[in-house]
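This report refers to the structure that appears directly beneath it.
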Amino acid sequence: MNVLTIAGSDPSSGAGVQGDIKTFTALGVYGLSVVTALTSQNSSKFFKSEPVSPDLIKSQLRAVLSDFKVSAVKIGMVYDKKTITVIHSELKNLKVPIVLDPIFESTTGGLLLQENAFSDFKKILIPMSHIITPNVPEAEKITGIKIRTQSDAKKAALKINSMGAKNVVIKGGHLQDDRVTDLLLENKKFSLFSQKKLPRDSHGGGCVFSAALCASLAKGKTISESVRLAQDTSFESIKGASRVGAGLVIARQKNTDQIEEELSSAISHFVSIKGIQELIPEVQTNFVYSKPRPRSISDVLGLEGRLVKTGSSVAVAGMLKYGGSRHVANAVLEVAKKFPATRSAVNIRYDRKTIQKAISKRFSVSHYDRMLESPGLKKKEGKTVSWGIKTAITNLKSPPDIIYHTGDVGKEPMILLFGKTPKDVLTKLAKIR
Ligand code: PXL
């Protein structure tokens with residue numbers, strides 16, 4: 001997944017192109033970058049800046065867009081009128097979401113958009129944006145509305161929407177409040193996203209917000225999911241900011257593991273499914289997701305504990321950990337040897353009706369008989385699953401959706417449901433219930 005930032009260079013690497021690439025990387029997308037201007041600044045002071053020529057900006061944009069498939073674009077510092085014009089003419093036919101982050105002034109007071117380019121910013125860039133992310137001073141400058149309360153922010157958001165931005169998020173960090181409340185206007189509806197306020201000024205936290213929003217939209221997440229992620233990522237980066245230089249602390253992004261993010265979100269979904277406790281077996285459930293081409297269970301993420309039936313609901317016990325699951329992880333390892341696209345699985349309670357339903361839905365269903373395993377292998381702890389799965393897929397030409405067994409003395413029957421991703425597993429699960 002590729003995303004593009006069009007922004008200024010910040011040698012302190014907290015904001016601008018350098019900051020964006022760090023955020024993209026932390027969120028598991030590939031960051032392309034077109035530089036619009038060079039700034040000279042450090043953590044204490046802004047020295048000067050110069051624009052890149054429109055011709056070179058155009059050439060960079062064409063170089064990138066003619067080669068890479070880009071799933072979303074972020075526009076940051078644009079500096080002058082010519083830059084705005086060239087960005088517009090090169091992007092006007094691009095059909096991916098554009099996140100516009102108004103960059104008017106640096107944290108240390110440097111001018112990042114020339115005063116005479118402001119009307120073009122409003123006339124040309126705002127209407128191109130799928131979503132715009134001003135903070136309170138930026139929203140005030142764009143609209144001329146003084147913002148002190150959420151009701152002022154709503155008026156400003158509506159005005160920016162009427163100027164052509166399809167969606168608007170006004171970041172509330174500058175409002176007098178002990179929490180940060182970001183206001184989203186999406187499809188004429190308002191929603192609020194609130195977070196603890198951190199008592200520190202930092203450099204780069206705003207860029208983290210819009211870059212995370214861009215990465216999340218590229219992944220196909222909804223606007224409101226993306227705003228939530230942007231707020232969390234920006235909060236974490238400010239919390240984790242470090243004193244790299246002598247001046248302001250610089251926002252630091254934590255690497256989030258894509259595999260962990262997807263599995264964790266699927267597990268949250270799984271436990272929220274109504275009636276899901278009926279599918280939990282006596283030995284409880286694990287849900288796993290492996291790295292591509294796993295070689296051992298330490299390449300497979302799973303719960304150290306289990307998804308545990310507690311009366312009428314299911315609770316998540318333990319943390320996600322590579323190597324956290326043995327049985328379900330071994331099943332995925334064995335399937336992935338033959339069908340590498342299969343990387344996720346969950347075990348559920350055996351029920352003949354579930355198998356019949358799966359067959360009626362044309363699932364690829366296979367099984368093995370634990371009683372046929374050689375007594376020698378049976379004694380080797382943890383080998384049964386690998387043996388059984390291998391047996392069950394020997395004659396398959398395409399990846400299995402389900403492999404089940406009907407138990408053995410003292411062994412509960414079980415269904416394993418496989419997919420490419422945890423989401424894929426959940427989609428299949430929905431079809432057999
Ligand atoms: O944080 C806004 C920003 C964006 N882009 C560049 C910057 C800054 C702030 O200093 O220098 C290039």
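Heads up: numbering here begins at 1 and tracks the sequence. As the structure lists them, so they are numbered: ligands from 1, and atoms in each ligand from 1.
- Checked by atom type, the side-chain pair His203/Asp10 shows a donor-acceptor distance below 3.5 Å.
- For Glu304, the side-chain contact (heavy atoms from CB on, under 4.5 Å) partners two or more places apart in sequence, or in a different chain, are Met319, Lys321.
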Please tabulate, one line per pair, the protein N or O atoms found under 3.5 Å from any N or O atom of ligand 1, giving the distance to one decimal.
residue, atom, partner, partner atom, Å
ligand 1, 10 (O), Gln41, OE1, 3.3
ligand 1, 11 (O), Gln41, NE2, 2.5

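- A salt bridge links Glu115 and Lys141; the closest N-O separation between the charged side-chain nitrogens and carboxylate oxygens is under 4.0 Å.
- When atom types are taken as modelled, the side chain of Asn2 and the backbone of Lys69 share a donor-acceptor pair closer than 3.5 angstrom.
- The distance between the ring centers of Phe104 and Phe121 falls below 6.0 angstrom.
- Using a 4.0 Å cut-off between charged side-chain N and carboxylate O, Arg349 and Glu278 make no salt bridge.
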